Amino acid sequence: MSALISLKDVCKSFGGIVVADHISIDIQRGEILGLIGPNGAGKTSLFNLISGVYPADSGSISVSGQSLDGLNLHQRARLGVARTWQHMRLFASMSVLDNMLVAPRDYPGEKISNILFRPKQTAAANVAMHERAMGILKRMNLQAIADSSVNDITFGQQKLVGLARALMNDGECLLLDEPMAGVEGNAYETMKSIVREEAASGRAVCVVEHNVSFIKDLCNTAVFMASGKILERGSVDSLLASQTLADLYFGA
Ligand SMILES: Nc1ncnc2c1ncn2[C@@H]1O[C@H](COP(=O)(O)OP(=O)(O)O)[C@@H](O)[C@H]1O
Ligand SMILES: [Mg+2]
């Protein structure tokens with residue numbers, strides 16, 4: 001079975017800093033792969049390379065068998081690369097709903113030509129986007145805050161809205177950068193069940209997380225990175241039992 005997300009020998013450096021050193025990773029549909037490692041390991045950089053924030057120096061990345069090489073962030077989003085950001089990047093003074101409508105792939109209402117020349121189709125598509133957004137918020141039990149300003153909701157709710165915005169892209173590749181950082185209580189449980197559901201629906205999910213119990217609960221396999229290299233990969237339990245990981249990650 002061919003992997004949904006496939007990285008082959010991906011390398012990237014910034015000056016003397018190697019953030020990706022011959023990285024090869026395959027993620028299957030329905031899989032939730034954990035990506036763990038100390039700060040500065042290159043985890044976020046790997047997501048930036050997959051989503052097209054910057055190009056790789058060498059190697060190749062494909063999604064659903066289609067090469068992403070040479071494509072920018074927006075083109076990759078259109079091909080189904082959905083991601084969240086470690087620092088949420090929400091528009092704080094805008095409503096939750098408007099944040100979700102900012103960037104779904106192929107949002108027809110963002111093009112003036114559509115509004116002028118295809119008003120009916122555009123209006124219908126906008127209604128569909130609105131309904132999709134409300135459906136996602138309902139799954140998170142956040143429908144009541146759809147019109148609230150992001151400024152006025154809790155941090156946990158903001159993290160969920162970051163995920164909700166990513167889910168507006170219904171593509172099959174979902175990259176989650178520290179979704180649980182600072183999240184507790186109801187929001188924690190909601191985050192966990194939504195991520196599980198998204199994988200069950202056929203997405204290939206990769207999650208960067210320091211919260212070990214979250215990784216244990218959701219992932220069968222994980223990859224351990226440090227200094228831009230994959231040092232170990234395997235079952236979450238085997239990784240957590242590894243001495244290399246203990247030394248580098250927990251400073252034991
Ligand atoms: N655009 C960039 N320019 C220069 N250095 C960068 C850039 N992005 C990341 N780095 C460096 O690459 C290393 C890995 O960063 P990052 O991928 O954010 O790590 P992680 O997410 O694992 O904490 C860090 O040393 C960081 O300072
Ligand atoms: Mg990071």
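Nothing here was measured: the structure is a model prediction, and the numbers come from that model. Throughout, residue positions are numbered sequentially from 1 according to the sequence presented.
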Inter-residue atom distance [X].[atom1] - [Y].[atom2], 0.5 Å rounding:
| X | Y | atom1 | atom2 | value |
| --- | --- | --- | --- | --- |
| Ser242 | Arg233 | OG | CZ | 14.0 Å |
| Met180 | Ser213 | CE | OG | 8.0 Å |
| Arg132 | Met134 | CZ | CE | 14.0 Å |
| Met225 | Leu245 | CE | CG | 13.0 Å |
| Leu101 | Asn99 | CG | CG | 9.0 Å |
| Leu248 | Glu232 | CG | CD | 9.5 Å |

Please give me the minimum heavy-atom distance between [X] and [Y], naming the atom from each residue.
| X | Y | result |
| --- | --- | --- |
| His74 | Asn72 | N-OD1, 3.0 Å |
| Leu218 | Val195 | CD1-CG1, 3.9 Å |
| Thr84 | Gly162 | CG2-O, 3.7 Å |
| Leu4 | Glu172 | CD2-O, 3.2 Å |
| Ile27 | Ala204 | CG2-CB, 3.9 Å |
| Lys159 | Pro179 | CE-O, 3.1 Å |

Determine yes or no for a side-chain-to-main-chain donor-acceptor pair under 3.5 angstrom, with [X] supplying the side chain and [Y] the backbone.
| X | Y | result |
| --- | --- | --- |
| Gln158 | Val150 | yes |
| Ser149 | Asn151 | yes |
| Arg76 | Leu68 | yes |

Within a 6.0 Å radius of atom [atom1] on [X], are there more than 12 heavy atoms belonging to other residues, nucleotides or ligands?
| X | atom1 | result |
| --- | --- | --- |
| Asp217 | CG | yes |
| Lys229 | NZ | no |
| Asp152 | CG | yes |

If you apply the rule side chain to side chain contact (heavy atoms under 4.5 Å, CB included), what do you find for Phe47 with Val208, and how did you get there?
CA-CA 9 Å; Phe47 280 7; Val208 168; 3.6 Å; yes
Side-chain polar contacts of residues 33-44 - donor-acceptor pairs under 3.5 angstrom, sequence neighbours left out - could you list them?
from  : atom 1 : to     : atom 2 : distance (Å)
Asn39 : OD1    : His210 : NE2    : 3.3
Lys43 : NZ     : Gly37  : O      : 3.0
Lys43 : NZ     : Pro38  : O      : 3.0
Thr44 : OG1    : Gln86  : OE1    : 2.8
Thr44 : OG1    : Asp177 : OD2    : 2.7

Flag yes if [X] and [Y] sit in one hydrophobic cluster, no otherwise; membership is Ile, Leu, Val, Met, Phe, Trp, Tyr, and two members link when side-chain heavy atoms are under 4.5 Å apart.
| X | Y | result |
| --- | --- | --- |
| Val127 | Val102 | no |
| Leu240 | Phe214 | yes |
| Val18 | Ile25 | no |

Can you list the residues that meet the side-chain hydrogen bond (donor to acceptor under 3.5 Å, both in side chains) rule with Arg83, with sequence neighbours excluded?
Asn48, Ser51
Residues forming a side-chain hydrogen bond (donor to acceptor under 3.5 Å, both in side chains) with Asp69, sequence neighbours excluded
Ser67
Exactly one candidate in Ile194, Leu167, Leu163 meets side-chain contact (heavy atoms from CB on, under 4.5 Å) with Ile136; the answer is Leu167
Would you call the rings of Phe14 and Tyr54 parallel, tilted or perpendicular, taking 30° and 60° as the class edges?
perpendicular
